[in-house]
> 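Here it is, the structure, as structure tokens.
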Amino acid sequence: MTTSADFLSTLNHFQRRAVEHFCGPLLVIAGAGSGKTRALTYRIANLIIYNKVNPGSILAVTFTNKAAKEMKDRLDNLLAQEISLKNYRQSFDSLSEFNQKKLLSFIYKKTTKQLWIGTFHSLCARILRYDINKYQDSKKRKWDRNFSIFDESDVQNIVKNITLKQFNLDEKTFNPRTIRYAISSAKNLGLSPEEYLKEHSYSKGRIIAEIYDEYQTQLAENNALDFDDLILIPVRLFEKNQSVLGYWHSQFKHILVDEYQDTNRIQYTLIQLLTTNGKIDRNEWSWRNRSVFVVGDADQSIYSFRMADFTILLNFQSEFGDGLSDEETKTMIKLENNYRSTETILSAANHLIYNNSQRIDKTLKATRGKGEKIYCYKADNEHIEAEFVINKIEELISLNPKLSWKDIAFLYRVNSQSRPFEDILVRRNIPYTIVGGFKFYDRQEIKDSIAYLRLIVNPYDTVSLLRVINSPRRGIGKTTVDLLLKASQELRTSLWEILIDETCVMTLTGKSSKAVLSFVHMIKELQEQSTKSLSTDIFNQIMQKSGYINDLKQKETEEADNRLENLQELYNAINQYREENNDPSLQGYLTNASLSSDLDNLENENNKVSLMTLHSAKGLEFPIVFLVGLEQGTLPHIRSLSDPLSLEEERRLCYVGITRAQEKLFITYAQERFVWGSKEIKIVSQFLEEIPQDLVSDHTNIIIEKTSQKRNNSKNNNIQWSVGDHIIHYSFGEGEVTHVLGSEKKVNLAIKFKSLGRKIIDPGTNSITKILK
DNA sequence: CGCACACCCCTTTTT
DNA sequence: GGGGTGTGCG
């Protein structure tokens with residue numbers, strides 16, 4: 001009979017050390033496929049079962065909602081097994097169905113439900129639903145607990161409107177997208193508009209700070225937050241309000257963070273505050289009954305565009321830990337045994353990542369057989385590439401009866417690469433699923449319905465109000481809306497408050513005022529109901545009363561039928577959320593909907609080929625992986641070619657892709673590819689050349705040698721660089737070397753250009769030539 | 001006031 | 001390709 005001891009005996013020495021860690025800080029450096037999720041899950045189980053920690057005091061941060069759900073499921077199973085052995089003296093599987101169900105529901109109530117597991121965003125949203133009313137920013141902007149969460153397109157529209165309409169700026173010099181990105185970056189660094197201004201006091205920075213400030217005002221007027229606020233506001237609140245911080249600090253005794261290499265400044269600050277209770281002096285920290293446990297891998301850091309900063313991971317020991325060297329340390333554990341991939345695949349990954357200068361030295365050790373060579377295929381163009389890949393998977397499936405579609409994934413750099421694959425998959429009738437790209441929640445009818453729901457929860461949400469006020473058409477046209485909007489701006493109230501003021505509405509023409517009054521009446525009625533009805537019932541009511549469904553039914557077009565089907569699907573989603581989370585509230589569903597990604601709905605049960613970007617593939621694994629589009633300019637992406645640090649991130653991305661594969665890895669590239677409607681000639685990716693030739697199968701019709709020789713003999717390879725050297729860059733012009741960075745195997749140069757200032761350049765790319773002066 | 005059509009611009013990755 | 005904007009017509 002199995003005993004409880006088996007619970008830990010399946011772990012290796014290092015995993016076990018991590019899992020049994022109780023209090024204090026611990027950094028777990030976990031290579032790809034080293035059983036990272038397992039370590040996290042087992043540690044939580046260990047805390048609950050052996051250390052008798054209250055599940056409600058555990059905060060576990062995952063990177064996606066899907067990862068959170070998986071962790072909960074695994075935990076359920078682990079706990080079920082343990083309790084079953086202890087209480088019934090038999091394995092869970094051998095219990096009667098009745099007892100299994102009873103036990104699982106017991107575990108859910110007592111444990112899983114109490115745990116705080118989720119992404120930074122969803123956990124912070126939960127905290128804010130309790131405490132946002134205690135927050136006020138430096139300009140006295142306030143929010144209440146019914147806040148809406150604006151999606152990226154809402155936010156883009158607001159920024160665009162402020163920039164072009166309100167501030168009347170030139171679109172070329174003040175690109176709304178760039179400004180939106182600047183605001184998001186500022187928030188991720190924890191900067192308020194005023195603080196941003198201090199750091200960017202030049203003219204353009206000043207204007208961006210003003211836009212940021214106005215943007216924040218408009219969010220507050222809508223009682224809405226953007227994604228970044230969800231984390232920034234709790235941090236601000238904790239910094240300002242010691243009693244609120246104290247409450248959450250004492251709530252969360254054990255904090256666990258997955259994918260720690262992809263945390264950014266503001267997320268780090270949040271963890272730091274919760275762990276230390278805001279005490280700056282280390283002597284005041286108490287690790288009694290308290291821990292912070294982070295897991296990550298600097299080689300898989302791929303989110304710097306979201307301000308992720310893997311030096312946060314590198315600094316963990318000096319920030320929280322003992323700061324000792326690797327050998328002696330008690331606060332760092334390395335998991336280097338890889339249980340996922342064949343030796344060949346790992347060797348390729350190790351060789352590739354060895355070319356990066358910015359990393360902690362770490363080598364994945366194989367625990368499985370050598371496996372097959374990596375297959376490589378050079379295609380004439382992207383269509384031939386897709387055809388090869390799909391022919392190959394059909395062949396694999398027909399040769400191996402145990403293999404099914406879900407075991408196969410196509411990974412690419414950018415979403416648009418999916419199209420040629422999709423075309424052929426449809427033609428051949430192969431079941432597939434695309435993660436990302438066009439989303440369910442981006443469809444017009446879904447956005448409309450969500451806007452109705454948001455308006456009912458949060459009437460200050462003018463963005464949603466404007467979306468639905470005349471959809472379906474009910475005779476409230478642009479002129480009417482503009483009049484009402486103007487009134488709301490003059491009276492400095494929300495549009496909704498104007499609408500519910502009958503005397504105000506009556507100033508409109510008879511026809512319009514009647515239409516507005518009846519719209520307001522309908523929304524009010526729905527609001528009243530929403531406090532006592534199920535979310536699903538409210539949804540149905542909205543669809544009926546607003547006339548949305550009838551409007552679509554009348555049309556009798558294929559498109560309208562499609563929309564009706566999507567609305568049915570939305571109903572199912574709301575229903576599912578209500579059942580799974582035991583939460584009848586609309587607000588709960590809405591929060592979940594705005595924070596869930598496409599990936600979260602990736603169903604493992606469905607037997608389909610998966611297509612996704614390398615970013616989406618993080619944390620996943622597949623027996624068979626096709627890494628496609630390995631060309632210079634595709635992977636690495638064109639925008640990273642001139643910047644060595646971005647290039648290293650692209651290499652990590654490629655590394656992530658390779659390490660997703662368990663059994664077989666195929667790498668393909670095309671010689672020609674249509675980009676933005678025109679044909680481009682492509683050359684093979686430098687990353688492919690960085691993989692040793694003997695790991696790559698030679699039965700394919702590619703000849704890498706020529707290009708690879710050319711590259712290895714790169715004219716800059718044997719040049720000794722020193723500070724003061726003069727160079728010419730093919731596009732930046734003349735410059736002077738100010739720093740020589742990196743090690744011998746991989747040199748990067750900091751170069752000061754006359755026109756552009758300082759840039760970091762990789763001399764190996766042949767973009768520069770040394771000149772004598 | 002709404003819709004259709006033409007044209008132009010941009011083009012990474014996502015919670 | 002595709003989404004957003006502007007224009008012109010019904």
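So that the names make sense, note that chain A is the first sequence line, chain B the second, and so on, each numbered from 1. Just so it is clear, the model here is predicted, and its values are computed rather than measured.
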> Which nucleotide, dC3(B), dT15(B), dT13(B), lies nearest any side-chain atom of R473(A)?
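Output: dC3(B).
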
> Among dG2(C), dT14(B), dT15(B), which nucleotide has an atom closest to any side-chain atom of T119(A)?
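That would be dT15(B).
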
> Starting from P on dT13(B), measure out to OH on Y303(A) and report it in whole angstrom.
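So the two atoms are 11 Å apart, to the nearest Å.
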
> Return whichever of R413(A) or Q267(A) has its heavy-atom-nearest nucleotide of DNA chain B closer to the 5' end.
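Nearer the 5' end of the strand: R413(A).
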
> What is the distance from CZ of R673(A) to C1' of dT12(B), rounded to the nearest Å?
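My rounded result for the distance is 14 Å.
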
> Rounded to whole angstroms, how far apart are CG on D262(A) and P on dT15(B)?
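To the nearest whole Å, that distance equals 12 Å.
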
> With the side chain of K160(A) defined as its heavy atoms from C-beta on, choose the nearest nucleotide among dT5(C), dT14(B), dT12(B).
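It is dT5(C).
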
> Does R177(A) have a side-chain nitrogen or oxygen under 4.0 Å from the phosphate oxygens OP1 or OP2 of dG3(C)?
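No, R177(A) has no side-chain N/O under 4.0 Å of OP1/OP2 on dG3(C).
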
> Tell me: CG of D229(A) to P of dT15(B), nearest whole Å?
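From D229(A) CG to dT15(B) P: 18 Å.
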
> Should the pair K682(A) and Y669(A) be classed as cation-pi, given the thresholds of under 6.0 Å to the six-membered ring centre and 45° from the axis?
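Pair K682(A)/Y669(A) does not count as cation-pi.
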
> Could you check how far CG of L164(A) sits from C1' of dG4(C), rounded to whole Å?
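Result: 12 Å.
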
> Is there a side-chain contact between S416(A) and the phosphate of dG1(C), meaning an N or O under 4.0 Å from OP1 or OP2?
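No, no such contact exists.
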
> Given atom CD of Q444(A) and atom P of dG3(C), what is their separation to the nearest angstrom?
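Rounded to whole Å, this separation is 12 Å.
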
> Tell me what F674(A) touches on the nucleic acid: a base, only sugar-phosphate, or nothing, going by heavy atoms under 4.0 Å.
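Counting heavy atoms under 4.0 Å across all strands, no contact is made by F674(A).
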
> May I ask you to say whether E70(A) pairs ionically with K66(A), meaning some side-chain N is under 4.0 Å from a carboxylate O?
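Salt bridge between E70(A) and K66(A), a charged N being under 4.0 Å from a carboxylate O: yes.
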
> Which residue in the set D258(A), T119(A), D262(A), V257(A) passes side-chain contact (heavy atoms from CB on, under 4.5 Å) when paired with F63(A)?
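So, applying the side-chain contact (heavy atoms from CB on, under 4.5 Å) to F63(A) and each of D258(A), T119(A), D262(A), V257(A), only D262(A) qualifies.
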
> Taking only the side-chain nitrogens and oxygens of R639(A), find out if one of them lies under 4.0 Å from OP1 or OP2 of dT12(B).
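Answer yes for this pair, as a side-chain N or O of R639(A) is under 4.0 Å from OP1 or OP2.
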
> Can you check whether Y303(A) and F305(A) have ring centres sitting under 6.0 Å from each other?
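Distance test on ring centres: under 6.0 Å, yes.
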
> Please report, rounded to the nearest Å, how far the C1' atom of dT14(B) is from the CD1 atom of I231(A).
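Distance check: I231(A) CD1 to dT14(B) C1' gives 12 Å.
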
> Distance only, no hydrogens: is a donor on one side chain within 3.5 Å (strictly under) of an acceptor on the other, for K187(A) and S192(A)?
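Short answer, no.
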
> Stacking between dT12(B) and H637(A), yes or no? Criterion: centroid separation under 5.5 angstrom, plane angle under 30 degrees.
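Stacking between H637(A) and dT12(B): present.
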
> With a 4.0 Å limit, can you tell me whether R419(A) has a side-chain N or O closer than that to the phosphate oxygens OP1/OP2 of dG1(C)?
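Indeed, a polar side-chain atom of R419(A) lies that close.
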
> When you get a sec, tell me which of dT14(B), dG2(B), dT15(B) is the closest nucleotide to the side chain of S616(A)?
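For the S616(A) side chain, the nearest candidate turns out to be dT14(B).
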
> Taking atom C1' in both dT12(B) and dT5(C), compute the distance separating them and give it to the nearest angstrom.
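My reading of the C1' atoms in dT12(B) and dT5(C) gives 25 Å.
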
> Rounded to whole angstroms, how far apart are CZ on F63(A) and P on dT13(B)?
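Rounding to the nearest Å, CZ of F63(A) and P of dT13(B) are 15 Å apart.
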
> Report yes if a side-chain nitrogen or oxygen of N415(A) is closer than 4.0 Å to either non-bridging phosphate oxygen (OP1 or OP2) of dT14(B); otherwise report no.
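So the side chain of N415(A) is within the cut-off, an N or O lying under 4.0 Å from OP1 or OP2 of dT14(B).
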
> Is the cationic atom of R359(A) (NZ for Lys, CZ for Arg) positioned less than 6.0 Å from the six-membered ring centroid of F310(A) and within 45 degrees of its normal?
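Judged by the rule, R359(A) and F310(A) form no cation-pi pair.
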
> For N470(A), which contact category applies under a 4.0 Å heavy-atom criterion: base, sugar-phosphate, or nothing?
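The answer is sugar-phosphate, as N470(A) gets under 4.0 Å only of primed atoms, P, OP1 or OP2.
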
> For the base of dT13(B) and the side-chain ring of F305(A), does the geometry meet a stacking cutoff of under 5.5 Å between centres and under 30° between planes?
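A stacking contact exists, since F305(A) sits close and nearly parallel to the base ring of dT13(B).
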
> Could you work out which one of dT14(B), dT15(B), dT12(B) sits closest to the side chain of V414(A)?
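From the listed options, dT12(B) comes nearest.
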
